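Here is the structure we will look at.
Quick caveat: nothing in here was measured; it's all calculated off a predicted structure. Numbers for residues simply follow the sequence, beginning at 1. All heavy atoms count here, side chains included; hydrogens, waters and symmetry mates do not.
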Amino acid sequence: MLSYSVSSQLGLDMEELQDMEEDAGLGNGGLGRLAACFLDSMATLGLAAYGYGIRYEFGIFNQKVVNGWQVEEADDWLRYGNPWEKARPEYMRPVHFYGRVEHNPDGVKWVDTQVILALPYDTPVPGYRNNIVNTMRLWSAKAPCEFHLKDFNVGGYIQAVLDKNLAENISRVLYPNDNFFEGKELRLKQEYFVVAATLQDIIRRFKASKFGSTEVVRMDLTTLPDKVRQLGSSLFHVNTLDCREHSTQFVSYLVVNGVAQIHSDIIKDTVFKDFYDVDPQKFQNKTNGITPRRWLVMCNPGLAEVIAERIGEDYIRDLSQLKSLLKFVDDDALIRDIAKVKQENKMKFAVLLEEQCNVKINPNSMFDVQVKRIHEYKRQLLNCLHIITLYNRIKKEPNKAWTPRTIMIGGKAAPGYHTAKMIIKLITAIGEVVNNDSVVGDRLKVIFLENYRVTLAEKVIPAADLSEQISTAGTEASGTGNMKFMLNGALTIGTMDGANVEMAEEAGEENLFIFGMRVKDVEALDKKGYDAMEYYNRIPELKQVIDQISGGFFSPGEPDQFKDIVKMLMRHDRFKVFADYEDYIKCQEKVSALYKVCITKKTSNVSVYVR
């Protein structure tokens, strides 16, 4: 990469260059990002590791919002090439599809298959200041050169070329579903393609590696498990008993883990209870994490520097050293420096919003942020109910000294997920009303952050005051956005779900705004039967909000526009939004009160958190 001094000599602005670079959006939600964090950490720790995946020609779609509706555009991220990758045709591997099995005296053969070549592209993954570089290898599907040559002789040339394109469709596009099984043949072929190519490559590298042996090529695979371990960034469903019957040696290396303690407990108690009862030692917990190199040092250099001035730079490799900051808990200079960095980040993001979205916000308001995939279980709808409640309260008492808030919600909806798309439309409709109400002014603004992606996350997370992690208890496996916000000094309002639980244990529950049902409460309510109407009739403010949505207050031109959302909330809401509404509103009142104290004392929420 060009150094800042060289780039300036060439008349180039480094930040502009960085902003021009396309995101490699090769995963959905937090899972793809988690895998990238794994790679960074393994390189920084000096672990010899490869990352494998598919080199999708089109990654996660670009999101446009047109008249409040999500519109998907193709993510042609490779249109100008990718300077960081190198094609490695010498390591191309064949992957077989279809065909049939023949049984003969020589054994069993798989014949008449369709062969697709997996062409690897390597991207370097550098460790942090340790002169170690690992590799991410992404597979691209290519048709063999000799495809259907016989067709050329009978005038089938055009069809042969079209068939070639069909073969290469395997790596054409990422399926844009998050936390949802896609039962499509192409998706299955993608999964098989990456696994088959990767396993062949692992075995090839094992055979070609000497590991201190004088052999040129290793043909004996008995020591393979000693040299190779596989990590997955999602839960693999393994039929342990069947595996044991076939190979006790192989199954000894199989484990099942959740990605936060609460998730691991649910797996043992319900999802795989029978397997756990038979083989409990196979079940572990591995709580997800994030890399502080990207999610603090790179995206928030001001805060990283303030910390380094007090405790040195070793924390960048070992976040447990942040505990050393506790001795500065009453240090006014530290509190002042952190507050200054936060305000600078907010000012910077406010300028970005004005330039790119033509939206003006109050940088002294509380930046209340919920950014993640749009899904019913993540409960962006609960956030919407709070926004409308707050709006109604301001309208009722316009002369009261309200704590100003800018509420930002961002995230993509899977293209076929109708309810999620309706949620985006509702958010934007609420924003239209709230943002144009002169009585409310800049005390409440509602912004939908279009096309949420890694590069936008790197800008909004350092600017956030409040992190919304409000999924129904027992539904979020872990979450990693919660960690990114906390690392950058935002306080968390959330349920005891996913990694929020461990965050509360680590920081002290009194330092988070915890509300709502716990897993046991959700289970009890399921047994009793969740009745949304009971909450609707009992809580006047909730009734008012729902009546406004259903009555067309936010869609005057089309009063029935949100009837499907209201119907879902009232009749078949699996995620029990109303059950947590009252506690959520009360908790948000505590948030407002604390922020007002912080502003009054000209300090930051971070100092309150450290205390």
Side-chain angles (χ1 to χ4, degrees), residues 299-303 306 332-371 383 386-395 397-410 427 430-431 433-449 456-468 484-493 513 587-611:
C299 73
N300 199 346
L303 181 57
V306 167
D332 289 338
L334 174 65
I335 293 169
R336 202 165 44 245
D337 288 349
I338 291 176
K340 183 170 177 282
V341 168
K342 177 62 73 175
Q343 195 58 31
E344 286 171 353
N345 291 336
K346 292 175 71 173
M347 294 285 287
K348 209 172 181 179
F349 193 70
V351 169
L352 179 81
L353 279 183
E354 190 168 357
E355 287 177 351
Q356 296 189 359
C357 311
N358 199 27
V359 173
K360 234 182 171 169
I361 59 174
N362 174 12
N364 293 316
S365 64
M366 181 202 308
F367 282 14
D368 175 347
V369 184
Q370 185 181 20
V371 282
N383 198 341
H386 170 248
I387 295 169
I388 301 171
T389 302
L390 195 52
Y391 171 74
N392 290 337
R393 288 181 177 183
I394 295 171
K395 292 284 284 184
E397 298 182 84
N399 297 321
K400 187 174 173 181
W402 297 97
T403 302
R405 279 197 196 222
T406 300
I407 300 175
M408 307 178 208
I409 304 175
I427 295 164
I430 293 168
V433 172
V434 172
N435 299 344
N436 292 296
D437 194 317
S438 57
V439 174
V440 174
D442 65 0
R443 290 177 291 185
L444 180 61
K445 293 291 181 188
V446 181
I447 312 292
F448 185 81
L449 298 174
L456 183 55
E458 290 167 352
K459 294 178 174 69
V460 68
I461 290 173
D465 293 303
L466 184 68
S467 161
E468 300 264 357
K484 294 164 191 170
F485 280 101
M486 180 173 260
L487 187 59
N488 282 274
L491 294 185
T492 299
I493 183 167
F513 294 98
C587 201
Q588 289 282 19
E589 290 168 2
K590 294 175 186 173
V591 173
S592 292
L594 183 59
Y595 188 80
K596 188 178 287 186
V597 171
C598 292
I599 292 297
T600 304
K601 291 183 176 180
K602 297 187 184 298
T603 185
S604 81
N605 55 354
V606 181
S607 66
V608 176
Y609 163 69
V610 172
R611 289 176 194 276

(Q) As a test of understanding, state which of Thr389, Thr403, Leu466, Leu390 forms a side-chain contact (heavy atoms from CB on, under 4.5 Å) with Gln588. (A) Leu466
Q) When rounded to the nearest 0.5 angstrom, what is the spacing between CG in Asp465 and CG in Asn345? A) 10.5 Å
Q: Tell me, yes or no, whether the heavy-atom count around Asn358 atom CG, taken from other residues, nucleotides or ligands under 6.0 Å, exceeds 12.
A: no
Q.
Using the side-chain contact (heavy atoms from CB on, under 4.5 Å) definition, which of the options Asn362, Thr406, Asn364 pairs with Asp442?
A. Asn362
Q. Tell me, do Leu491 and Ile493 make a side-chain contact under 4.5 Å, heavy atoms counted?
A. no
Q | Residue pair Glu468, Asp368: steps toward the side-chain contact (heavy atoms from CB on, under 4.5 Å) verdict | A | CA-CA 7 Å; Glu468 300 264 357; Asp368 175 347; 2.7 Å; yes
Q) Is the backbone of Glu397 close enough, under 3.5 Å, to the side chain of Trp402 for a donor and an acceptor to pair up by distance? A) yes
Q | Value rounded to 0.5 Å, distance of CZ in Phe349 from CD in Gln356 | A | 8.5 Å
Q: Go through the steps for Val369 and Ile461 under the test side-chain contact (heavy atoms from CB on, under 4.5 Å), then give the verdict.
A: CA-CA 8 Å; Val369 184; Ile461 290 173; over 6 Å; no
Q) What is the minimum heavy-atom distance between Lys484 and Asn488, and which atoms define it? A) O-ND2, 2.8 Å
Q. Nearest 0.5 Å, what's the CG-CG distance between Asn435 and Leu444?
A. 7.5 Å
**Q.** Closest contact, heavy atoms only, Pro462 versus Ala457
**A.** CD-O, 3.9 Å
Q) Does any N or O in the side chain of Gln370 come within less than 3.5 Å of the main-chain N or O of Ile407, such that one atom is a donor and the other an acceptor? A) no
Q.
Against the six-membered ring of Phe367, is Lys346 placed for a cation-pi contact (under 6.0 Å from the centre, within 45° of the normal)?
A. yes
(Q) Minimum heavy-atom separation for Pro301 and Cys299, please, with both atom names. (A) CD-C, 3.5 Å
Q: Show your working on side-chain contact (heavy atoms from CB on, under 4.5 Å) between Tyr391 and Val446 and close with a plain yes or no.
A: CA-CA 10 Å; Tyr391 171 74; Val446 181; over 6 Å; no
(Q) I'd like to know if the side chain of Arg443 reaches the main chain of Pro398, judged simply by a donor and an acceptor atom lying under 3.5 Å from each other, with no hydrogens or angles considered. (A) yes
(Q) Distance check, rounded to the nearest 0.5 Å: Leu487 atom CG versus Leu303 atom CG? (A) 7.5 Å
Q: Run the salt-bridge test on Glu344 and Lys348 with the 4.0 Å N-O cut-off and return the result as yes or no.
A: no
Q) Roughly how far apart are Met408 CE and Leu456 CG, rounded to 0.5 Å? A) 10.0 Å
(Q) Given 3.5 Å as the limit, does a donor-acceptor pair link the side chain of Lys596 with the main chain of Val591, or not? (A) no
Q) Would you call Val434 and Lys445 a side-chain contact if the rule is heavy atoms closer than 4.5 Å? A) no
Q. CD1/Ile409 to CG/Asn383 distance, rounded to the nearest 0.5 angstrom?
A. 4.0 Å
(Q) As a quick check of understanding, evaluate side-chain contact (heavy atoms from CB on, under 4.5 Å) for Ile599 and Tyr595, giving each step before the final call. (A) CA-CA 6 Å; Ile599 292 297; Tyr595 188 80; 3.3 Å; yes
